[in-house]
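One structure is given below, encoded as structure tokens.
Counting begins at 1 with the first residue of the sequence.
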Amino acid sequence: MSINPLPKCSHMPSRRELPLDEFVREFFQHVIDYRTRYAFFLGAGCSYSSNIPLAGDLVRDLWLPKLMRKKTGKTGDSNAWAASVFEGYTRKTAATFYGPVIEQLFRFPEHRQQEIDSIVRDKQPGFGYGALAKLMTHEKAGPCCNVVLTTNFDDLVADSLYLYGNARPLVIGHEALIHFVRVTSSNPLVVKLHGDHQLAPKNTSVETKELAGSVEAALGNLLSESGLVFVGYAGGDASITKALSNLPPTSLRGGVYWVNDTWPDGAFGEWLDRREAIWVRHLDFDELMLMLHVEFDLPNPDDSRFRRLMEEHNQTFEKLHRKIFATDAEEAAPLKQAAETVAKKFPSAQAALMDAYAHEKTAPEKAVALYREALEEFPSDASLLGQFSAFLHRQGAGDEAEIHYKRALEADPKNAINLGNFARFLATIRGDHDGAERLYQQAVEADPKHANILGNYANFLTKIRGNHDGAERLYQQTAEADPKNANNLGRYALFLKNIRGDHDGSERLYQQAVEADPKHANNLSNYAGLLFTRGMINEGEERLVQCEGVATDPALLLECRFYRLCHLARSDDERATALSVIRRDIDAGVRSLSFDLSGNVARAVNDGHPWPALLDCLAKVIAKRADAAELESFPEWRVAEQP
């Protein structure tokens, strides 16, 4: 729909003005109710609160004193000197002399690029940019307002999207990249119309006189079906005015909003009038974004993502550290030395944690001693307390583990990992399901995108609570949070197979899981079992062989042997041999509550297996739903010889 149609006559239209709060409500309505697309056009005024000087300030306070000294060898009132050199110069008009001044001060493009780079480098996006990032990545509003056009050279929009919006925008910082622009892209887009501070920024009047034809064409495509909101822009660029003037009358269907405390003079102001731009008399970018923040109910950025990044970095190093110290091979000596060197660079408590962590499997008693020693020095370190608790949990020291879990949460009540681990402890060791669920909820609130916590909570909901709908929502969140987490993908696949009966969806997830980790034994065995139940014998055997090559858990190997008996042992001798190996495991007490083998029994019977009753009983014995003594009623079992 056309919100602000072009005037049908040539007279100067009266300007429609909106106060800031009314504009914000109107913008919300257009985006949310009408699904109107908008592009933000950001000028230098938006970056001022992020400590990047305005053009006028650069000219008056930084460049003119240098230029005066360069030209005259003197210091003094550079503004008075500039008035005698540049016709029409005043302190008020300094911004309009940006091009001539920078051109005379820095003769060569490389030097101009270095100057701009030094001004914008290392600047951090402030509140306004953080709110803009949340708006551009908003689930509902984002697709309608995820395009930024800017004459700024800085990286504040792109940085805010990555830091606060957890999105990687497509940044067009040079005209050579313009062909990558897609009007319908769902990803945030930033088009730097005057270039990037690291490439070839356009500063002089000659450089900014005209946009490249390809850029102008892309601009026309982007604005063909959208509206335009100018913020922090002065309107003094001839190239921008020309490009916008060349837009066809049918473009900018969402209208034009000019957010500024003054109306621009000259050709750009005339263009705004012709477009019947709506004037929002407000200058401050951060205040505008504050109002939009409230209207769209945007979330504030939090540190969970950064904590997760640091945790992932530290945990991967910890795993590497432990792997290196788990071997006594002589050739590992240089690696051990390197690992120790890097570990010492971590904060003291973290270094102590890694030292203890590295000995958990190879020397558990030493690990306990190292943890206790570290806690004497750092008694309130939440990560150290949490890791020691989890280690005690795995060692079966439940009472002491619970004490340290509680101390860990007292030290940091919002530590998502410790909350999630303690929840799992309460569910599996204490049987305190209500307490576990409360902690899972707190953990998800502390870090809504922690894939392992989401996966464990989903597993809890479906297995303990029987809340399959809630579990499925969490499984979906885990897949979005970490699409390559093989463990969670496998659990989600198993859920779809066993609970939803969605074998197609389950197979797709198992494929993703195996691609993410080709050596994940549980996923390989479950995937093989699914393929066998679907009658895909060759494919199932391929995954089964992969599993047998990496599996070490006796229960998992028993599952593989059961699959062989059901689907691959085709002669009496092959079946007798397979059953003998299985009897060895059963007699040794190998069992697993997690295996549902009924589907494989049904497929084997359907395919003509001669032992239907034995397979059914054996599947129940493996899953601890029948006593092994019941197998003695089958002659095939009684004569099965252990190898």
Side-chain angles (χ1 to χ4, degrees), residues 302-326 336 338-430 435-436 438-454 456-457:
D302 60 60
D303 64 353
S304 62
R305 174 168 173 262
F306 306 104
R307 291 174 62 177
R308 191 166 60 252
L309 287 171
M310 291 306 301
E311 288 167 359
E312 183 67 22
H313 172 273
N314 295 347
Q315 287 172 9
T316 53
F317 177 74
E318 289 167 7
K319 290 177 183 177
L320 175 64
H321 190 276
R322 183 172 61 177
K323 174 186 173 183
I324 290 170
F325 279 88
K336 290 182 178 180
E340 286 182 341
T341 301
V342 173
K344 289 176 182 177
K345 294 181 180 180
F346 282 86
S348 299
Q350 186 72 17
L353 185 154
M354 283 188 285
D355 191 17
Y357 190 55
H359 293 87
E360 283 187 2
K361 286 191 174 180
T362 57
E365 292 182 0
K366 183 177 181 180
V368 170
L370 289 170
Y371 275 122
R372 297 194 192 286
E373 182 181 334
L375 285 172
E376 287 181 7
E377 187 175 358
F378 308 102
S380 299
D381 187 275
S383 296
L384 188 60
L385 285 163
Q387 184 59 46
F388 187 32
S389 304
F391 176 58
L392 291 170
H393 177 180
R394 293 192 296 273
Q395 296 293 306
D399 292 343
E400 189 177 3
E402 185 169 2
I403 291 171
H404 285 86
Y405 272 131
K406 290 178 178 177
R407 286 180 58 193
L409 294 182
E410 288 173 3
D412 184 358
K414 294 187 177 182
N415 186 302
I417 291 179
N418 290 342
L419 286 165
N421 285 343
F422 193 18
R424 194 174 184 186
F425 172 87
L426 290 180
T428 59
I429 304 301
R430 297 303 191 214
R438 283 194 298 271
L439 288 176
Y440 272 130
Q441 290 170 347
Q442 293 175 41
V444 171
E445 183 178 349
D447 190 349
K449 294 186 178 181
H450 196 296
N452 287 338
I453 292 172
L454 291 168
N456 288 338
Y457 188 15

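F378 CZ to E373 CD: the interatomic distance, rounded to the nearest 0.5 Å, is 10.5 Å. Note: I403 CD1 to S389 OG = 10.0 Å, rounded to the nearest 0.5 Å. Rounding to the nearest 0.5 Å places CZ of F391 at 12.0 Å from NE2 of H404. To the nearest 0.5 Å, the span separating CD1 on I453 from OH on Y440 amounts to 9.0 Å.
In the displayed structure, E445 atom CD is contacted under 6.0 Å by at most 12 heavy atoms of other residues, nucleotides or ligands. In the displayed structure, K336 atom NZ is contacted under 6.0 Å by more than 12 heavy atoms of other residues, nucleotides or ligands. More than 12 heavy atoms of other shown residues, nucleotides or ligands fall within 6.0 angstrom of atom CD in Q441.
For L370 against A356, the heavy-atom pair with the smallest separation is CB-CB, 3.8 Å. Of all heavy-atom pairs spanning A374 and L384, the tightest one is CB-CD2, 3.6 Å. Scanning both residues, L454 and P448, for their nearest heavy atoms gives CD1-O, 3.5 Å. The minimum heavy-atom distance linking A446 with L419 is given by the pair CB-CD1, 4.4 Å. In terms of heavy-atom proximity, L353 sits nearest to S383 at CD1-O, 3.4 Å. Between A382 and N418, the shortest heavy-atom distance links the atoms O-ND2, 3.0 Å.
Not one N or O on the side chain of N421 forms a donor-acceptor pair closer than 3.5 Å with the backbone of G386.
Using a 4.5 Å heavy-atom cutoff, the side chains of R372 and V368 are in contact. At a threshold of 4.5 Å between non-hydrogen side-chain atoms, the residues Y457 and H450 do not count as touching. With a 4.5 Å cut-off on side-chain heavy atoms, L439 and L426 count as touching.
Each of F425, F388, F422 was compared with H393 under the ring pair (Phe, Tyr, Trp, His ring centres under 6.0 Å) criterion, and only F425 meets it.
For the pair D381 and R407, the salt-bridge criterion is not met [side-chain N within less than 4.0 Å of a carboxylate O]. A salt bridge does not link K406 with E410: none of the charged nitrogens is closer than 4.0 Å to a carboxylate oxygen.
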### Query
Would I429 and E402 satisfy side-chain contact (heavy atoms from CB on, under 4.5 Å), going step by step from the backbone distance to the final call?
CA-CA 10 Å; I429 304 301; E402 185 169 2; over 6 Å; no
